[in-house]
Amino acid sequence: MQWERLLTPQRLGKRAAPEEQDPRSEFTRDNDRIVFSSAFRRMQDKTQVFPLAKSDYVRTRLTHSLEVASVGRSLGMRAAERIRRVCPEAAAVARPDEIGMIVASACLAHDIGNPPFGHAGESAIQEWFSRAPEGREFLSCSGMSAAERADLQAFEGNAQGFRILARLQYPQQRGGMHLTAAMLATFAKYPGASTAADPDGAAIGRHKFSYMQSEADLFEEVAAMTGLLRRAQPDLAASGVWHRHPLAFLVEAADDICYHVMDIEDGYKAGVVSYEQLLSLHEPWRDAHIDGRAQEMGTDAQKAEFYRAKTIGKLIDDVVDQFEASLPGMLDGSFDRELVIGIPRAEAFRRFKDVARERVYRHQAVLEIEACGFEVISGLLSAFLGAVEDNAARGEKGQSVRTRTLLHLMPGTRSDFAALRPYERALCVTDFISGMTDTYAVEFYQRIRGITLP
């Protein structure tokens with residue numbers, strides 16, 4: 001892969017250069033478009049760790065994404081120096097400000113496709129299509145391709161995110177938000193289709209998938225504009241699967257750093273992780289100077305934030321070093337694992353996740369809301385896909401009154417679902433539900449079930 005193409009400012013769906021003179025770089029404009037999008041704004045009420053949290057301290061997907069973008073910008077700016085060192089031919093295009101902005105923008109959007117209730121919401125959609133009688137019957141009679149069925153049975157927030165950026169935010173124009181190909185390729189941590197995903201394989205870039213069949217042509221265009229390498233394995237020859245953009249490794253590292261360290265901090269604030277436990281996790285990155293500075297802080301909470309800042313700073317140093325060492329393999333496709341696996345103190349870093357799994361993710365309050373999320377999302381899928389299918393089978397005049405009522409509650413209601421293929425009808429429903437916030441999903445479900453009234 002060549003940096004001149006990897007960093008192209010060319011926009012998906014928009015060939016011509018902008019007519020107006022704008023002092024912002026193309027990549028800064030990407031950042032602004034994401035920040036002002038409705039999909040980004042909705043993340044303020046989507047789960048990070050504690051769903052429907054009463055405390056205003058714990059993080060939502062929005063605050064998490066802002067923090068990841070901050071770390072990503074630092075990684076990108078510092079990685080630019082290493083790119084020019086390893087690839088002198090990239091000196092003209094590998095500008096720290098622009099690479100920092102590309103990574104920061106991709107980080108801002110990295111969770112934009114997540115449904116309500118975070119990963120539990122993804123699982124709820126997956127299981128409804130894979131295990132619920134209604135979902136299985138729908139797929140069995142749909143005539144979908146194997147890839148289309150896999151898009152639903154393995155529903156993936158990353159692919160939904162690409163769909164939002166490249167189509168749903170501005171469905172009337174090809175390419176959606178008209179973001180740069182460089183940013184979209186950096187956003188795509190798993191550049192392949194659902195049928196090529198290999199969750200247990202050695203290649204991290206294939207653990208999930210980054211686009212649905214509905215956007216296959218758009219992703220193909222992004223890959224062509226940026227010069228991504230297509231994977232050459234014989235079993236992938238017929239599938240659209242590429243090696244990652246090198247900057248996608250930085251997006252993944254920024255997310256890893258933030259959720260490892262910040263989820264523990266949220267657990268401490270929520271009272272499920274003790275200060276002593278938190279302090280022991282930061283131990284490998286502490287020294288006498290840092291401990292001395294921490295003692296100047298007034299409260300344990302302030303000390304916790306100070307240790308977090310120092311640990312993240314050192315992790316950024318380590319990740320940038322690992323990025324430089326791995327860069328040749330990223331460019332030829334031979335490197336395909338998380339950067340944080342190769343950093344010094346990688347095992348100590350992994351302990352953050354281990355403790356979070358034991359103490360935070362399995363806390364009763366988290367599990368109870370996740371269980372609620374399964375019921376809410378399953379109920380919404382049953383109600384709205386059932387209504388869409390009733391409309392498709394019987395038409396506007398023959399559909400039930402209940403169907404008519406439910407469809408009027410969907411934004412952009414149409415009266416001719418029969419004109420769409422079953423796959424497209426299913427996406428109309430998953431788009432609607434995955435776009436909901438946690439609070440709205442719960443309240444909406446309670447209202448259509450008659451549990452509460454407006």
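Taking the six-membered ring for Trp and thresholds of 30 and 60 degrees, Trp3 and His245 have ring planes more than 60 degrees apart, a perpendicular arrangement. Under the 30°/60° scheme for interplanar angles, the aromatic rings of Phe219 and Phe162 are found to stand perpendicular. Ring geometry, His260 versus Phe349: the interplanar angle falls under 30°, so the pair is classed parallel (tilted spans 30 to 60°).
The residue from Tyr275, Phe306, Phe352 that alone fulfils the ring-ring contact (aromatic ring centres under 6.0 Å, His included) condition with His282 is Phe352.
Atom CD of Glu4 is surrounded by 12 or fewer heavy atoms from other residues, nucleotides or ligands within 6.0 Å. Remark: Glu375 CD is loosely packed, at most 12 non-hydrogen atoms of other residues, nucleotides or ligands lying under 6.0 Å away.
Between Ser280 and Arg351, some side-chain heavy-atom pair lies under the 4.5 Å cut-off. Looking at Gln160 and Leu168, their side chains come closer than 4.5 Å, going by heavy atoms from C-beta outward.
Side-chain N or O atoms of Asp151 include one that pairs as donor or acceptor with a backbone N or O of Gln213 at under 3.5 Å.
Between Lys46 and Asp111 there is no salt bridge, since no side-chain N of the basic residue sits under 4.0 Å from a carboxylate O of the acidic one.
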| query | Yes or no on side chain to side chain donor-acceptor pair (under 3.5 Å) for Glu134 and Ser382, after CA distance, side-chain angles and deciding distance? | reply | CA-CA 7 Å; Glu134 293 170 276; Ser382 296; 2.9 Å; yes

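No close placement of the Phe323 and Phe249 rings is indicated, their centers lying 6.0 Å or farther apart.
A donor-acceptor contact closer than 3.5 angstrom links the side chains of Tyr361 and Asp263.
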